[in-house]
Amino acid sequence: MKKRTEKALALSLAAVMGLSLAGCGGGQSTTQTTAAAETKKETQAAEAESKETAAAETTAAEAAASTEPVTLRLSWWGGDSRHEATENAVKAFMEKYPNITVDCEYGAWSGWEEKQSLNILSGECADVIQIGSNWVHDYAKGGESYYDLYQLKDVIDLSQFPEEKLKLNEVNGKLMAIPISLTGRLFYWNKTTFDEIGCPIPTDEASLLAAGAAFKAYDEDYYPLALGEYDRMIFMVYYLESKYGKDWVTDGKMNYTEEEVKEGLEFMNKLEAEHVIPSIATIAGDMADSLDKNAKWIDGKYAGLMEWDSAVSKVKEAMEGSVNKPGQEFVIGEFINFGEYQGGFTKISMDFAIKASTEHPKEAALLLNYLLNDPEGVEICSTERGVPCSKVAIAHLNEKELGNAMVKEANAKVLDYSKFTQDAQFDNSELKANPDGLYYKVFGRLSAGEITPEEGAKAMCEGITTILEE
């Protein structure tokens, strides 16, 4: 499969790299108060039911696991706060189950997927592993890499998770992983910069283009929005979904024609031409690993980002930590209206899986259930991996008023607005890898003026279709 995929993608990427490509197709009333009370009772009853179910499952899990000494490996990526929270949860888990020792393996995201993919495919990965949503299919080997979690339902309370989300993690009828959280992208703005320029924060296409003109007139180094290559792909799909009201991919097939994709690429070119976004070359010249670490975002020259809801804290703290321009005001924006539909998608942010060759599946499942469903583990991990999918986890965090308030606010906005679902292969490494993935090739050369929107659409549609057919 890999050779076939690489060969087909090579043809599409060759087209991208070529210089000439063929074109392509007041007060409440008594009734309201009573209704509110009833709703509250129903919510409390649902939360109590979730807790009772979780308690019953924990009892079953304890009975199912061995009491013999066992050592497990747990791996994940993330930042310092996630590392600290997970290590604390592991310590509490080992205190609760003293016969189980858990060795932790973790690091930053950079280079993590490359290393872990080799470990997964060779069977050398940790017993319990945090994985990206695309890893479920990319490295499953037809369902042989990960343990079928349906076989561990006596230990893991699967009823706490939306059935349709579990279905997304099936390969050949086997449940490869459990979703940790759902996520999506929304807009973050530097209100201070917009106020200084005297420009309203964009809410539709007209105000977005007007912002580009106002920022250019103020200072050509200032832009209302900054988007890297992968960000542009997400933004373009958001734009097209807003106009056409259909998922990017359904049942393994693209829903958009080359002509529609060309329209999306033309719009991205227009945003550059109208000074709404800086060119890829300009962003590369900033010499930053990511936009939240870019000095122009930190100091207010890039006044907007389209980022994951779970990233709200890091982008806010980066901006508010500016030495050159202290006291800037960060806001979570509304979604930009590009049409009659509510564009944007949600996806499984990340998952937990158990490797197929683990020697201790019951104990691994016990650890996984502790992190995702057990009130103690949930409280310790909080929202370090986003707002949880688990019903009992959400109920516990809300009851205790725990978790990052801004992450919860951003996540609620995304889930309320975005009506589309991201296909699992959207993040396929052949597409999103930096710098050799198809998204990076197309948007990099499009920004440089080396290919036309027609040529980019052709290469993109052919490359994505190849991935979907594998």
Which of Phe352, Tyr146, Trp77 passes ring-ring contact (aromatic ring centres under 6.0 Å, His included) with Trp135? It is Trp77

Requested in this report: Run the numbers on Lys325 and Ile298 for side chain to side chain contact (heavy atoms under 4.5 Å, CB included), then give the verdict.
Outcome: CA-CA 8 Å; Lys325 196 173 181 180; Ile298 294 170; over 6 Å; no

* Hey, what's the ring geometry for Phe338 with Phe235, parallel, tilted or perpendicular (30° and 60° as the breaks)? -> perpendicular

task: Would you mind checking if Lys301 and Asp219 are paired as a salt bridge, meaning a charged N to carboxylate O distance below 4.0 Å?
output: no

Residues Ala89 and Cys381: closest non-hydrogen pair is CB-SG, 3.8 Å

Shortest non-hydrogen pair, Leu227 vs Ile280, comes out as O-CD1, 4.1 Å

CD of Glu114 to OG of Ser429, rounded to nearest 0.5 Å, is 8.5 Å

* To do: Run the numbers on Glu263 and Lys243 for salt bridge (charged side-chain N to carboxylate O under 4.0 Å, His left out), then give the verdict.
  => CA-CA 11 Å; Glu263 181 183 350; Lys243 290 198 68 177; 2.5 Å; yes

The reported gap from CD in Glu87 to CG in Leu74 (rounded to nearest 0.5 angstrom) is 10.0 Å

Lys458/Glu462 ion pair, N-O < 4.0 Å:
yes

Contacts of Asp286 meeting side-chain hydrogen bond (donor to acceptor under 3.5 Å, both in side chains) (sequence neighbours excluded), chain-then-number -> Asn294, Lys296, Tyr302

Notebook entry, point to check: Does the Ser181 side chain pair with the main chain of Arg385, one donor and one acceptor, at a distance under 3.5 Å?
Noted result: yes

Residues passing the ring-ring contact (aromatic ring centres under 6.0 Å, His included) test with Phe187, sequence neighbours excluded, are Trp189, Tyr238

Check your understanding: Crowded around Glu84 CD? As in, over 12 foreign heavy atoms under 6.0 Å?
Key -> no

Sorted by chain and residue number, the ring-ring contact (aromatic ring centres under 6.0 Å, His included) partners of His275 (sequence neighbours excluded) come out as Tyr223

Value for CD1 (Ile120) from SG (Cys125), rounded to nearest 0.5 Å, stands at 5.5 Å

Item checked: Electrostatic pair Glu164-Lys167, nearest N-O below 4.0 angstrom -> no

### Message
Under a 4.0 Å threshold between the charged nitrogen and the carboxylate oxygen, would Lys246 count as salt-bridged to Glu241?
### Response
no

Minimal heavy-atom distance between Met176 and Ala140, with the atoms involved, is SD-CB, 4.2 Å

Ring centres under 6.0 Å, that's the criterion: do Tyr341 and Tyr244 meet it? no

Exercise. Count the heavy atoms of every other residue, nucleotide or ligand shown that sit under 6.0 Å from NZ of Lys216, and state whether that count exceeds 12.
Key: no

Heavy atoms of other groups near Lys141 NZ, more than 12 under 6.0 Å
yes

Would you find more than 12 non-hydrogen atoms of other residues, nucleotides or ligands less than 6.0 Å from Lys293 atom NZ? no

Original post:
In terms of the angle between their ring planes, are Phe426 and Trp248 parallel, tilted or perpendicular, with boundaries placed at 30° and 60°?
Top reply: perpendicular

- Message: Checking the side chain of Asn411 only, and the main-chain atoms of Leu182 only, is there a donor and an acceptor separated by less than 3.5 Å?
- Response: yes

Shortest non-hydrogen pair, Pro202 vs Ile336, comes out as O-CG1, 4.1 Å

In this structure, CD1 of Ile348 is separated from CD1 of Ile180 (nearest 0.5 Å) by 10.0 Å

Looking only at atom types and distance, does a side-chain atom of Ser390 sit under 3.5 Å from a main-chain N or O of Ala393, one as donor and one as acceptor?
yes

Report task. List the steps, then state whether salt bridge (charged side-chain N to carboxylate O under 4.0 Å, His left out) holds for Glu105 with Lys115. Result -> CA-CA 12 Å; Glu105 305 167 4; Lys115 176 183 176 181; over 6 Å; no

Salt bridge Glu307-Lys316, side-chain N to carboxylate O under 4.0 Å
no

Distance col, row Asn119:CG vs Ser145:OG, nearest 0.5 angstrom, shows 11.5 Å

Should we say atom NZ of Lys432 is surrounded by more than 12 heavy atoms from elsewhere, each under 6.0 Å from it?
yes

Checklist entry - Are more than 12 heavy atoms from other residues, nucleotides or ligands located less than 6.0 Å from atom CD of Glu409? => result yes

All heavy atoms of Met306 vs all of Leu225, minimum pair found to be N-CD1, 4.2 Å

Ion pair Glu229/Arg445, N-O distance below 4.0 Å: no

The single option from Thr346, Asp231, Asp309 that satisfies side chain to side chain donor-acceptor pair (under 3.5 Å) with Arg185 is Asp231

Taken to the nearest 0.5 Å, the spacing of Gln160 CD from Asp157 CG works out to 4.5 Å

Is the CD atom of Glu334 crowded by more than 12 outside heavy atoms at less than 6.0 Å? no

Between His360 and Leu72, the two heavy atoms sitting closest are CB-CD2, 3.9 Å

